[in-house]
Amino acid sequence: MFKSTDALTPDEYIDRLEEPRRTEIRRLHELIRRTAPTLEPHLASGMLAYGPYQYRGKSSSGTWFRIGLASHKRYISLYVMAEDMVTGGYLAESYKDRLPRADIGKSCVRFKRAEDLDQATLAQLIHEAATLRPLAQA
């Protein structure tokens, strides 16, 4: 599902990207670090990941991340693994109207350039993802 990498650290992952994507991902990485400093950065499933947590679903359990950041060929993905406490649904989906230039799925915000998104709203999403209940938690 995700592209693999042989990078060993988040900085190595970023450094291996070509420009202008390297600068974009580094800025987003720094935004996540400022906004959610308690979420430790690491690599998972070939992407930058922040804040591991244990999940338990109907058919599986394991370790995943609260926030993921991936550079794809045509876009950047911000994976948000948190539950919207108002609706009980996916937090990322609740931001569709607030991030209209992004393609938003259940737990993924896809965009071509971070500058296309309102940075305050993006920071708010990251903050909520770091503090709300993670998905698939029993």
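This is a predicted model, so every value here is computed, not measured. These numbers come from the heavy atoms of this one structure, side chains and all, not from hydrogens, waters or symmetry mates.
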Task: Greater than 12 external heavy atoms within 6.0 Å of His127's NE2 - done: no

Open item on the list: What's the separation between atom OG in Ser71 and atom CD in Glu18, rounded to the nearest 0.5 Å?
Closed with: 9.5 Å

Task: Contact check, side chains of Ile67 and Val80, non-hydrogen atoms, under 4.5 Å - done: no

Open item on the list: Grouping I, L, V, M, F, W and Y whenever their side-chain heavy atoms are under 4.5 Å apart, do Phe65 and Ile14 come out in a common cluster?
Closed with: no

Open item on the list: Angle between ring planes, His29 versus Tyr50, binned at 30° and 60°: parallel, tilted or perpendicular?
Closed with: tilted

TODO: Is it possible for you to say whether Leu39 and Leu91 belong to one hydrophobic cluster, with membership spreading through side-chain heavy-atom contacts below 4.5 Å?
DONE: yes

Open item on the list: Is there a path of hydrophobic side-chain contacts, each under 4.5 Å between heavy atoms, that joins Leu132 and Leu69?
Closed with: yes

Open item on the list: Hydrophobic cluster membership, with links at side-chain heavy-atom distances under 4.5 Å among I/L/V/M/F/W/Y: are Val109 and Trp64 in one?
Closed with: no

- [ ] Check the hydrophobic clustering (I, L, V, M, F, W, Y; side-chain heavy atoms under 4.5 Å; chains of links allowed) and say if Met81 and Ile76 are grouped together.
- [x] no

Task: Result of checking Arg21, Glu19, Arg27 against Thr23 for side chain to side chain donor-acceptor pair (under 3.5 Å) - done: Glu19

TODO: Not counting sequence neighbours, which residues clear side chain to side chain contact (heavy atoms under 4.5 Å, CB included) with Ala123? List them please.
DONE: Leu31, Thr35

TODO: Find the distance between NE2 (His72) and CE (Met47) and round it off to the nearest 0.5 Å.
DONE: 6.5 Å

Kindly list each side-chain donor-acceptor pair under 3.5 angstrom involving residues 97-108, sequence neighbours excluded, with atom names and distances?
{"unit_1": "Arg98", "atom_1": "NH2", "unit_2": "Ser94", "atom_2": "O", "d": "3.1"}
{"unit_1": "Asp103", "atom_1": "OD2", "unit_2": "Arg110", "atom_2": "NE", "d": "3.1"}
{"unit_1": "Asp103", "atom_1": "OD2", "unit_2": "Arg110", "atom_2": "NH2", "d": "3.2"}

Task: Heavy-atom neighbours of Lys112 NZ exceed 12 at 6.0 Å - done: no

TODO: Taking ring pair (Phe, Tyr, Trp, His ring centres under 6.0 Å) as the test, write out the residues that go with Tyr13, two or more places apart.
DONE: none

Task: OH/Tyr90: more than 12 non-hydrogen atoms of other groups inside 6.0 Å - done: no

Open item on the list: Can you tell whether the side chains of Glu30 and Arg33 come within less than 4.0 Å, N to carboxylate O?
Closed with: no

